[in-house]
Amino acid sequence: MSFKILVLAKQVPDTRNVGKDAMKADGTVNRAALAAIFNPEDLNALEFALRVKDQKPGAEITIVTMGPPRAAEIIREGLYRGADHGVLITDRKFAGSDTLATSYALSLAVKKLAPFNLVVAGRQAIDGDTAQVGPQVAEKVNIPQITYAEEFVGFNGDKLQIKRRLERGVEVLESPCPVLVTVHSSAAACRVRNAKLLMKYKHAKTDIELQELSEDYWQIFENRPYLKLIQWSVEDLQADEELLGLNGSPTKVKTIENVVFTQKDSLKMGASDGEINKLMKSLISSHVLG
Amino acid sequence: MEKNIFVYCEITEEGHIADVSLELCSKGYKLAKELKVKLEAIVVGSQLDMVVEELTPYGIDTLYLADAKGLFPYLTLPHFKIVSQVIAENKADIVLFGATSIGRDLAPRVASKLKCGLTADCTALEFGDHYVKKTDTTYKNLLYQIRPAFGGNIVATIINPDMHPQMATVREGVMKKETVKSPSKPKVIHLEVDKYLSDEDFIISILERHIEAPKVNIKGAQIIVAGGYGVGSSENFKLLFDLAEAIGGEVGATRAAVDAGFIGHERQIGQTGITVRPKLYIACGVSGAVQHRAGMDQSAQIISINTDPNAPITHIADYNILGSVEEVIPKMIKYYRQNSK
Ligand SMILES: Cc1cc2nc3c(=O)[nH]c(=O)nc-3n(C[C@H](O)[C@H](O)[C@H](O)COP(=O)(O)OP(=O)(O)OC[C@H]3O[C@@H](n4cnc5c(N)ncnc54)[C@H](O)[C@@H]3O)c2cc1C
Ligand SMILES: Nc1ncnc2c1ncn2[C@@H]1O[C@H](COP(=O)(O)O)[C@@H](O)[C@H]1O
């Protein structure tokens with residue numbers, strides 16, 4: 001049996017490029033104004049998986065993502081770069097899930113895809129920066145975890161050797177499979193799209209997307225089954241609804257406030273020699289500089 | 001049974017209790033006093049002889065020690081097994097972890113096991129009530145876990161009404177480290193480590209470790225010269241190092257400067273970097289994004305050097321110098337040297 005790798009990837013609003021129209025007048029976030037992107041560290045995760053695959057001929061990578069229907073975009077993005085399959089978990093009932101409920105849903109999908117050898121996630125998603133989903137999926141699937149991975153060192157027999165980043169250094173760990181790895185942004189950047197794969201998977205679609213297309217499109221699918229992306233609902237996963245969405249989320253948002261500036265008494269000054277001289281003198285005499 | 005506050009204390013490479021853990025004990029002490037409950041802490045490691053003495057000044061009531069070979073350096077599964085079981089056995093109601101590579105590895109796995117919530121990177125913790133209209137219930141003294149959200153553009157207060165314990169991680173430097181006046185020794189409970197662990201918990205092995213000596217001490221610096229994207233290049237960062245050396249400070253940076261490769265990530269200040277509260281913060285070519293301010297707005301005095309008179313940083317700076325980094329910094333060095341002997 002081939003070596004099976006699952007990559008957990010999330011589509012996120014690009015919070016790093018928050019423009020002026022990103023916040024609505026009432027202080028809430030205007031998601032529509034933000035581009036939806038492949039979570040950056042999930043691209044590092046995909047590259048990590050691809051490097052494992054490079055060393056294990058015949059290995060297969062499946063991208064697993066939970067999100068709204070349009071999140072299928074990142075599955076295709078993954079296929080263009082060398083992944084083999086994709087699963088979209090989508091259902092209104094997942095809305096409002098915090099990390100615990102999200103990891104519950106993802107863990108069901110992971111179990112449904114068993115047996116597998118390796119699960120790879122990003123360290124954290126930029127929309128929340130929580131870094132929780134990876135370790136929580138590992139706990140729920142009951143496999144060990146290696147977080148902050150920076151490099152796939154290689155195989156030692158059936159075991160994986162992985163270098164991970166610490167605050168003040170690195171360590172190399174060895175783990176049997178299956179194991180869940182979360183990948184740090186300091187790991188290798190993801191390879192670019194492959195032109196051939198782009199042609200091959202350009203038309204890959206989920207069921208929801210297919211429904212919006214014409215009959216001719218369906219024809220293509222008859223002959224090329226690999227174009228069909230798997231799509232799972234709450235029912236497909238046989239998930240306990242009590243553990244999903246707002247119900248299954250222990251954390252609740254009580255209030256949200258816009259970040260407000262408190263205007264300080266501040267001194268505006270130019271950069272002339274006289275002004276800088278005066279500033280340094282006053283900082284020295286007030287013992288701020290000494 | 002009374003419900004206590006519990007702190008997971010990390011051991012540093014040098015074998016001491018980590019600063020972030022001492023900071024959390026200090027915060028935990030205040031929270032415990034407010035609710036009139038006990039403050040408990042757990043340390044997992046090897047050869048923990050000195051930790052009782054190190055922790056005594058922080059007013060901990062009960063200290064759980066899991067001291068055995070193989071528990072240092074940190075490995076996820078053994079620490080996870082011990083910590084999650086001890087929390088469950090003692091019914092802790094609030095559990096705090098440092099938001100370090102260890103805390104962020106351990107806490108989510110523990111929260112998943114205990115089926116409770118976990119709020120990452122809190123910047124403030126306080127108590128408050130919560131009323132639910134639908135069921136007409138009031139929750140008393142919930143932990144308000146306050147953190148920046150959505151890329152720092154908003155501040156959210158998170159609560160866990162029902163599924164306890166309430167767990168949070170906090171970054172180093174966010175809480176203040178404060179010892180307690182005339183503390184008494186904690187009650188020490190030596191855990192029977194074998195009871196919690198099995199061989200399977202050691203299936204991941206450590207082949208190699210390379211630990212660097214702590215290089216930069218930005219957190220402890222009284223003066224910080226921070227550079228942003230506006231500094232323009234790593235060459236120009238040398239100007240900042242010159243200034244820092246002249247006035248006795250450390251060099252910090254924004255994420256944009258780090259991402260641009262001007263300087264190493266160990267100097268990043270802000271929500272995803274270090275939190276600092278120096279006497280003087282000189283922001284050079286820094287726009288003052290919320291995520292950056294989250295790590296420096298407690299500075300006693302702030303000087304901004306910026307070519308844009310309307311950059312957000314001007315709202316929090318005490319002195320706003322309108323000018324370029326290249327022009328202003330050499331002048332600052334020159335006039336500092338002239339005026340101080
Ligand atoms: C989840 C998340 C977490 C983040 N965490 C952090 C964090 O921990 N720390 C952090 O810093 N950022 C963080 N950021 C990024 C943050 O949003 C900003 O992008 C970043 O702080 C901007 O850095 P900057 O001020 O250096 O760059 P810019 O915003 O590009 O500002 C550069 C400034 O330099 C000025 N300038 C240009 N040329 C000159 C010159 N020659 N002389 C003087 N001034 C000049 C410009 O007028 C401008 O004000 C985070 C973002 C996200 C989404
Ligand atoms: N909805 C999701 N679908 C797929 N993977 C996810 C999802 N949410 C989180 N992940 C994975 O978990 C990692 C950590 O996410 P977070 O805990 O939200 O910071 C991400 O980098 C992804 O690999």
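Reminder, nothing fancy here: chain letters follow the sequence lines and each chain counts from 1. Please read all numbers here as calculations on a predicted model, not as lab measurements.
- A 4.5 Å side-chain heavy-atom check between B:Arg147 and A:Thr130 finds at least one atom pair inside the cut-off.
- No hydrogens or angles considered: nothing links the side chains of B:Arg104 and A:Gln132 as a donor-acceptor pair under 3.5 Å.
- The CG atom of B:Asn339 sits 13.0 Å away from the NZ atom of A:Lys278 when rounded to the nearest 0.5 Å.
- Counting heavy-atom pairs under 4.5 Å between each of B:Ile146, B:Leu118, B:Leu106 and chain A puts B:Leu118 at the top.
- Donor-acceptor pairing under 3.5 Å is recorded for the side chains of A:Gln145 and B:Arg109.
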Using side chain to side chain contact (heavy atoms under 4.5 Å, CB included), reason through B:Asp318 and A:Ser266 one step at a time and then give a plain yes or no. CA-CA 4 Å; B:Asp318 301 274; A:Ser266 78; 5.6 Å; no
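- Counting heavy atoms from C-beta on, the side chains of B:Ile102 and A:Glu167 never come closer than 4.5 Å.
- B:Lys331 contributes a side-chain N or O that, together with a main-chain N or O of A:Ala271, makes up a donor-acceptor pair within less than 3.5 Å.
- No donor-acceptor pair under 3.5 Å is formed between the side chain of A:Arg168 and the backbone N or O of B:Ile211.
- Both the backbone and the side chain of A:Asn277 come within contact range of chain B, judged by heavy atoms closer than 4.5 Å.
- A donor and an acceptor atom, one from each side chain of B:Ser112 and A:Gln136, are nowhere located under 3.5 Å apart.
- Both the backbone and the side chain of B:Ser205 have a heavy atom closer than 4.5 Å to some heavy atom of chain A.
- Using a 4.5 Å cut-off between heavy atoms, A:Thr255 contacts chain B through both its backbone and its side chain.
- The part of A:Leu279 that comes within reach of chain B is its side chain, from C-beta onward, which places non-hydrogen atoms under 4.5 angstrom from that chain.
- Listed options B:Cys116, B:Gly323, B:Ala256 were ranked by heavy-atom pairs under 4.5 angstrom with chain A; first place goes to B:Cys116.
- In this structure, the portion of B:Thr272 lying under 4.5 Å from any heavy atom of chain A is its side chain and not its backbone.
- B:Glu208 is linked by a side chain to side chain donor-acceptor pair (under 3.5 Å) to B:His210, counting only residues two or more places apart in sequence or in another chain.
- Interface summary for chain A: among B:Gln145, B:Lys279, B:Lys334, the most heavy-atom pairs under 4.5 angstrom belong to B:Lys279.
- For the set B:Val110, B:Leu322, B:Ile158, B:Ile159, the count of heavy-atom pairs under 4.5 angstrom toward chain A peaks at B:Ile159.
- Both the backbone and the side chain of A:Leu166 have a heavy atom closer than 4.5 Å to some heavy atom of chain B.
- Residue A:Asp158 qualifies as open at atom CG: its count of foreign heavy atoms under 6.0 Å is 12 or below.
- In this structure, chain A has a heavy atom under 4.5 Å from the side chain of B:Ile303, while its backbone stays farther away.
- When heavy atoms are compared at a cutoff of 4.5 Å, B:Leu207 approaches chain A by way of both its backbone and its side chain.
- At a 4.5 Å heavy-atom cutoff, A:Ile162 makes no contact with chain B through either its backbone or its side chain.
- Annotation: the span from B:Asp121 atom CG to A:Gln124 atom CD amounts to 7.5 Å, rounded to 0.5 Å.
- Of the inter-residue distances, the one linking A:Lys159 atom NZ with B:Ile204 atom CD1 reads 10.0 Å to the nearest 0.5 angstrom.
- Separation of atoms CZ (A:Arg164) and OG (B:Ser101) is listed at 6.0 Å; rounding is to 0.5 Å.
- Going from atom CG of A:Leu289 over to atom CD1 of B:Ile282 covers 6.5 Å, rounded to the nearest 0.5 Å.
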If you apply the rule side chain to side chain contact (heavy atoms under 4.5 Å, CB included), what do you find for A:Thr251 with B:Thr119, and how did you get there? CA-CA 8 Å; A:Thr251 54; B:Thr119 307; 4.1 Å; yes
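- For chain B, the nearby part of A:Ser272 is the backbone; its heavy atoms alone come within less than 4.5 Å.
- Looking at B:Leu77, only its side chain comes within 4.5 Å of chain A, counting heavy atoms on both sides.
- With chain A as the partner, the residue from B:Glu327, B:His164, B:Lys113, B:His130 showing the most heavy-atom pairs under 4.5 Å is B:Lys113.
- Between chain A and the residues B:Ile203, B:Ile223, B:Leu280, the most heavy-atom pairs under 4.5 angstrom are made by B:Ile203.
- Taking CG of A:Leu283 as the reference point, atom OH of B:Tyr336 lies at 10.0 Å (rounded to 0.5 Å).
- With hydrogens and angles left out, the side-chain atoms of B:Asp105 and A:Thr147 include a donor and acceptor closer than 3.5 Å.
- Of the two parts of A:Ser286, neither the backbone nor the side chain holds a non-hydrogen atom closer than 4.5 Å to a non-hydrogen atom of chain B.
- Evaluation of the side chain to side chain donor-acceptor pair (under 3.5 Å) rule for B:Glu126 yields no partner, not counting sequence neighbours.
- Contacts between A:His287 and chain B at a heavy-atom distance below 4.5 Å involve the backbone alone (N, CA, C, O).
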Residue pair B:Phe80, A:Glu139: steps toward the side chain to side chain contact (heavy atoms under 4.5 Å, CB included) verdict: CA-CA 10 Å; B:Phe80 158 70; A:Glu139 193 278 327; 3.8 Å; yes
